[in-house]
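Because the structure is a prediction, the values reported are computed rather than measured. Chain letters run A, B, ... following the sequence lines, proteins first, then strands; residues in each count from 1.
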Protein chains: 2
Amino acid sequence: MSRRERPAKPALTRERIIAAAVAIMRAEGLQRVTMRRLAAELDTGPASLYVYVANTAELHAAVLDELLGEVELDGASGDWSDQLVGVLTSYVEVLTANPQLARTAVATRPSGPNYLRLVDRILGLLADGGVARTRAAWGVDLLLLAATAHSAEHAGADATADQQWDTLGRTLSTVDPRRHPHIHDLSDLLLAGSHTDRLTWSFRALIEGLSRTAVPGE
Amino acid sequence: MSRRERPAKPALTRERIIAAAVAIMRAEGLQRVTMRRLAAELDTGPASLYVYVANTAELHAAVLDELLGEVELDGASGDWSDQLVGVLTSYVEVLTANPQLARTAVATRPSGPNYLRLVDRILGLLADGGVARTRAAWGVDLLLLAATAHSAEHAGADATADQQWDTLGRTLSTVDPRRHPHIHDLSDLLLAGSHTDRLTWSFRALIEGLSRTAVPGE
DNA sequence: ACCTGAACACCGTTCAAGT
DNA sequence: ACCTGAACACCGTTCAAGT
């Protein structure tokens, strides 16, 4: 009787754990993806999770890779550099949709399947553009680093982020011209422009720079 | 009598709180700089700190700005771009000495006095190099973003970081050539080179790119 | 205004014991 | 091998009450 009315809990698997983690992240944010919260969701105790997941950092890394599956690798048209900007922009969009995730992306060095897929695509586009192999190899790191950091900074139209931006804006525009002459001089430009424009510009500048800059011993 | 033998506790001030926080960070790492640990150090209860500090994030931001005072702004010789690389390298050195601090630097948007001093110096060097005002204004953000992210990634000769690097190395060199042809093709180059060489190359590429890339509406 | 004790609502991780 | 309960050693933040 109880066999039908309360069916056996499905077995714990790494897959099920990570799926539950992703669900919690989407519903409540990464800060709620804790061992204890997750265990409660899976109707077990936190200790049980340690059979499948080494620690919280590894769990978050797995969630991150899962999300990276959403990055659009072939969405943009145009030449190789337009397409590259498109891929990077998609990456940033995926990350900024989940502020805290972007922050763990900076701390963690991902190596999951979706991350590899992304790296391979970027390398392919750099090859299309005729970027020297050595420059491309180092450049992919720099591009992803910058994209990730951008996401982490703009992470969130959340309240704290906006507030910090405002604070910085006020600080910059009222800066002592004697102590900080250059900031004073450029105060109107420092925070100018939309997110999107600045992001695109950053990517263009990075691509330009990494194409032209020789790697030592090249 | 007891007035001399057990002197009154010095009054709580923001300055004293932050000094204690820096001391704990140097001795035990930022992860120990918690409200409770700090309160214990100052011989009071955690609630008392909230008179001077809004929350843990603000506390960590204050610690960060304090550390930025150690960045060497005039250490390097050479032309403006060599000096700029020098400033950025010094910034990275300060941050990587305290792994977790670099990670909070990505999350937080600093606006303390030492941060302003750093921004002003970088803007000055870009002006020396004749970089267009608009490009310099956006470029300083990009440079600091990349430098911070680099620090956060290489944050630590700590065990986890090294392990992640090794994992990534193994993953990259054994990648399926059919699924990830470009990674396979470049696997020997992707992780090649020393930290320092890669960091310097990144800064050179960034400087090159931001000097040459027009800001929209420029 | 500043400081405090106490409480609320949580954490990660380990480990001996069970199945 | 997998799962669990219970424990250890912590967290941030709030709030009523005191000085």
With [X] via side-chain hydrogen bond (donor to acceptor under 3.5 Å, both in side chains) - residues at least two apart:
X: A:Asp141; result: none
X: A:Arg32; result: none
X: B:Glu41; result: B:Arg37
X: B:Thr34; result: none

Using whole Å, report how far [atom1] of [X] lies from [atom2] of [N].
X: B:Leu42; N: C:dT4; atom1: CG; atom2: P; result: 10 Å
X: A:Arg16; N: D:dC2; atom1: CZ; atom2: P; result: 15 Å
X: A:Leu12; N: D:dT4; atom1: CG; atom2: P; result: 7 Å

Excluding sequence neighbours, so at least two apart, what forms side-chain contact (heavy atoms from CB on, under 4.5 Å) with [X]?
X: B:Tyr52; answer: B:Leu12, B:Arg14, B:Ile17
X: A:Thr108; answer: A:Ala61, A:Leu64, A:Pro110, B:Gln164
X: A:Thr174; answer: none

message = Distance check, C1' atoms only: D:dC2 and C:dA17, in whole angstrom units.
response = 13 Å
ask   = Of the nucleotides C:dC3, D:dC2, D:dT13, which has the atom closest to the B:Asn55 side chain?
value = D:dT13
key: Minimum-distance nucleotide to B:Thr56 side chain [options: D:dT13, D:dC3, C:dG12]   = D:dT13
inquiry  = Does anything in residues 175-201 of chain B form a ring pair (Phe, Tyr, Trp, His ring centres under 6.0 Å)? List the pairs, not counting sequence neighbours.
reply    = A:Trp138-B:Trp201, B:His154-B:His195
message = Does C:dC2 have OP1 or OP2 under 4.0 Å away from a side-chain N or O of B:Ser48?
response = no
ask   = Which residue pairs pass the side-chain hydrogen bond (donor to acceptor under 3.5 Å, both in side chains) test when at least one of the two sits in residues 61-72 of chain A, sequence neighbours left out?
value = A:Arg26-A:Glu70
ask   = Just by protein heavy atoms under 4.0 Å, how would nucleotides 14-19 of chain C read 5' to 3' in B, S and -?
value = BB----
note = So, with a heavy-atom separation below 4.0 Å from DNA chain D, the residues of residues 23-39 of chain B are B:Thr34, B:Met35, B:Arg36, B:Arg37
Strand DNA chain C as a dot-bracket string - pairs counted if Watson-Crick or G-U with both distances under 3.5 Å, | where the partner lies in another strand = ||.|||||...|||||.||
